[in-house]
Amino acid sequence: MPDPVGKLPSELDQLPDRDAEETAEWAASLDAVTEHAGPHRAAYLMRRTLQHAESAGVPVPALLETDYLNTIPTAAEPAFDGDEAMETRIAGWNRWNAAAMVTRGARLGVGGHIATFASAAWLYETGFNHFFRGKEGEGSGDQLYIQGHASPGIYARAFLDGRLTEEHLDNFRQEAGGKGLPSYPHPRRLPWLWEFPTVSMGLGPLSAIYQARFNRYLTNRGIKDTSASHVWAFLGDGEMDEPESTAALALAAREGLDNLTFVINCNLQRLDGPVRANFKIVQELESQFRGAGWNVVKSLWGSAWDELFALDTTGALVRRLRAVPDAQFQTYATRDVAYIREHFFGAEPALAELAKLLTDAKIAECFHTSRGGHEARKVYAAYRAALAHKGAPTVVLAQTVKGYTLGAGFESRNANHQMKKLSGEQFRAMRDLLELPIPDSTLNEELVPYAHPGADSPEVRYLQERRAELGGPAPARRVHAVALPQPSEKAFQSVYKGSGKQSVATTMAFVRLVKDLMRDKETGSRWVPIVPDEARTFGMEALFPSAGIYSPLGQTYDPVDRDQIMYYKEAKDGQILNEGITEAGSMADFIAAATSYATHGETMIPFYIFYSMFGWQRTGDQMWQLADQLGKGFIVGATAGRTTLTGEGLQHADGHSHLLAATNPASLNYDPAFAYEVAVIVKDGLRRMYGPDAEDVFYYLTVYNEPMPQPAMPAGVEEGIVKGLYRFKEGVPAKADAPRLQLLASGTAIHWALEAQELLAAEWGVTADVWSATSWGELRREALECDEALLRGEQRTPYVTRALDGAQGPVLAVSDWMRQVPDQISQWVEQDYSSLGTDGFGLSDTREAARRHFGVDARSITVAALAQLARRGEVPASSVKEARERYGL
């Protein structure tokens, strides 16, 4: 309850005060300063006191926000390790060619972005010249997450470096002919240059954090020393609105990832306007990152502001800068000096007096262009501070002008993200500003030229020398040998034998198989189990004591279940990544592990297991990121299907993930029914992804939580399992002329089909063959390839057509998925085809009731089969009516 004067109690009121008189004296001193020097002076003293306490190691809460100033004062900047004039010329060539490339492409309507790189050019240039380690030195080099819309500038630098030609630049966003440059960082499209796809905004920062963490994981497990690698993530201030951008900030701080630096280009603009029109995005981000435990370095003002700050003896300028919202500051960047004098400096008398000491040229320079992100020395100082800080990750907040150097028509304009070209007049103005030796005679209004100082020019030699000192070109992707020896057959053979009378869910069968594979002497240590918190749900607790859960701190406590066999064991060299309740974080882990063969030259075998409902539906964008980055591994949708996870209800009942997965060309999707099928698929996956002819694919397996007796593997079914279809159980006709049909089923649905097979034979005299459709998606993929071959004049019959060739009667497909999943193959099945599925929303009930509700249980299959045969005249129509009544349908 508040006291009589309205003062709210605080946590300090609960602590004993050893010297109340001294406390009162401190409070009285603050009151006196406030009364005689004003509240601004009092606030300043408090901040300085807190900063001093923090630096002295006194345990006080850290300030979440500092003044709107550079973290590193000009006087404290380190000596610049380079030729600033030379780097300015290099940056000028890159700016020109980036703008020229996009403008030339605009003639063809392919688009492109100019303004983002224009604002961020020095953020990249300084890194390339002084910080970013390449892959030709020791270790793996640095990992660079380039902001997607800045790609034209990266291409321009590669052109200056001789890695790209004019032909490449002229094929920007024109990839169909095989010689083009992708619009954004796409490793699958340009695998020698790009390492990380980043333009699906928010995924870059999330992935960068987990990449830095995976680097430490590799080191702590003794697989590779990655201590020399640093992860740099270049982000937009508008991008930070994406929830994924900030989702893992606490993880990075908690694990002390000082091998990670975020560089946020704070040009105060997003795609359509100001990021925080009525607020200040820099201050907001500072509070957010400081609150999460990050080190924050602000580089806001260029050297032109030094004079203004020196004249600000009252603090009025700093207060005004802090008070002006971002949208208003953008307006200052586009208005004349008279407007700035009136609306900025006219806000209070002290500022008006300060403005009298400034020339119009000085005010224009400060408010129009002078930003910390536009000066090599300021950026260099920020990066040095980031690398020097230990114990926590660092974020550099660099203020810039979006469209910088592109002229008044671009700079700080709301529409500049959509502006795709410069006019000839704008190019001439840009040339003059950058002092480039480009004659007027070459400035064709229709086709502005690329510009290059020459392969042996001082600029190119300087650029290449700097890169050589730092370990070679960057960005760059290097593919190392992926092949791993195939594991021993022992683990697979134990699954092939079946479970006898014991009922085992395919989820458990998969986990047991991987547990055995992790014991393999050659490849066992390469497995990376990843799970978002519910390892026990999937029967993975048996892995805890043997493999250990990864923690950079090890285990600093006595686990509550220490006396149990399967106790919760954390270890610095733990193998399991148990991520807590974050599918997005787990998927980012998977991507880092799945691409380690390229990033670090260390091939890992990740498997990520999760509730199938929360995979493709929740993190599907990351699955595409994985495909773009050419990742390999096993994604496992456990407790799969619409009706097998009883009691969970509408939102937890997955009947569509296979449909979503089918849209991704790199995903090989399987829905195995039996444990031995799981083993065959995993074995083949290890061959295809990690064998001598490794493919850039990953596997999606769905496994079920319904315990069933697991049969032994029949002879000769391996090819059918891998291709997607084989006859599991042939029906035995009661008489020679008995009606016949083919039941195709995937996953747990095969058990309903087998029961229906018995009902049809015993009660209706109908013979049914039961087929296990392990992959509707792979059947379709191969059939599509046959169709494409036909366009080239090659006659190829799809496997599904050949497998069912001669099979008598119609085909009825059934699964625990929407009907669109089995319907993927319908056009290549020559027999009459129909399907049953679990379309609609899920519901909570028993498995039996749910399957009856969706019409996929054995009795529903029986009725559907009779109806199909009745339409063909092979059974009486009355049989269908009779069956409905008998089975209560």
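Computed from heavy atoms alone, side chains included, the values below leave out hydrogens, waters and symmetry copies.
Every side-chain contact (heavy atoms from CB on, under 4.5 Å) that A789 has, sequence neighbours left out, goes to R792, E794, R796. Applying the ring pair (Phe, Tyr, Trp, His ring centres under 6.0 Å) criterion to Y699, with sequence neighbours excluded, gives F634, Y670. Judged as a salt bridge (Lys or Arg N to Asp or Glu O under 4.0 Å), and not counting sequence neighbours, E718 has no contacts. Evaluation of the salt bridge (Lys or Arg N to Asp or Glu O under 4.0 Å) rule for E848 yields no partner, not counting sequence neighbours. Not a single salt bridge (Lys or Arg N to Asp or Glu O under 4.0 Å) links D520 to another residue, sequence neighbours left out. Not counting sequence neighbours, the partners of E583 by the side-chain hydrogen bond (donor to acceptor under 3.5 Å, both in side chains) test are R618. Partners of E695 according to the salt bridge (Lys or Arg N to Asp or Glu O under 4.0 Å) rule, which considers only residues two or more places apart in sequence or in another chain, are R688. A search for ring pair (Phe, Tyr, Trp, His ring centres under 6.0 Å) contacts involving F610 returns Y608, not counting sequence neighbours. F854 is linked by a ring pair (Phe, Tyr, Trp, His ring centres under 6.0 Å) to nothing, counting only residues two or more places apart in sequence or in another chain. Residues that satisfy the side-chain hydrogen bond (donor to acceptor under 3.5 Å, both in side chains) test with E882, not counting sequence neighbours, are R886.
Counting only residues at least two apart or on different chains, the ring pair (Phe, Tyr, Trp, His ring centres under 6.0 Å) pairs with a member in residues 725-776 are F674-F728, F674-H751. For residues 808-842, the pairs satisfying ring pair (Phe, Tyr, Trp, His ring centres under 6.0 Å) are H658-W817, with sequence neighbours left out.
For the 3.5 Å distance criterion, the side chains of Y704 and D671 qualify, holding a donor opposite an acceptor.
With contacts defined as side-chain heavy-atom distances shorter than 4.5 Å, the pair T523/L517 does not qualify.
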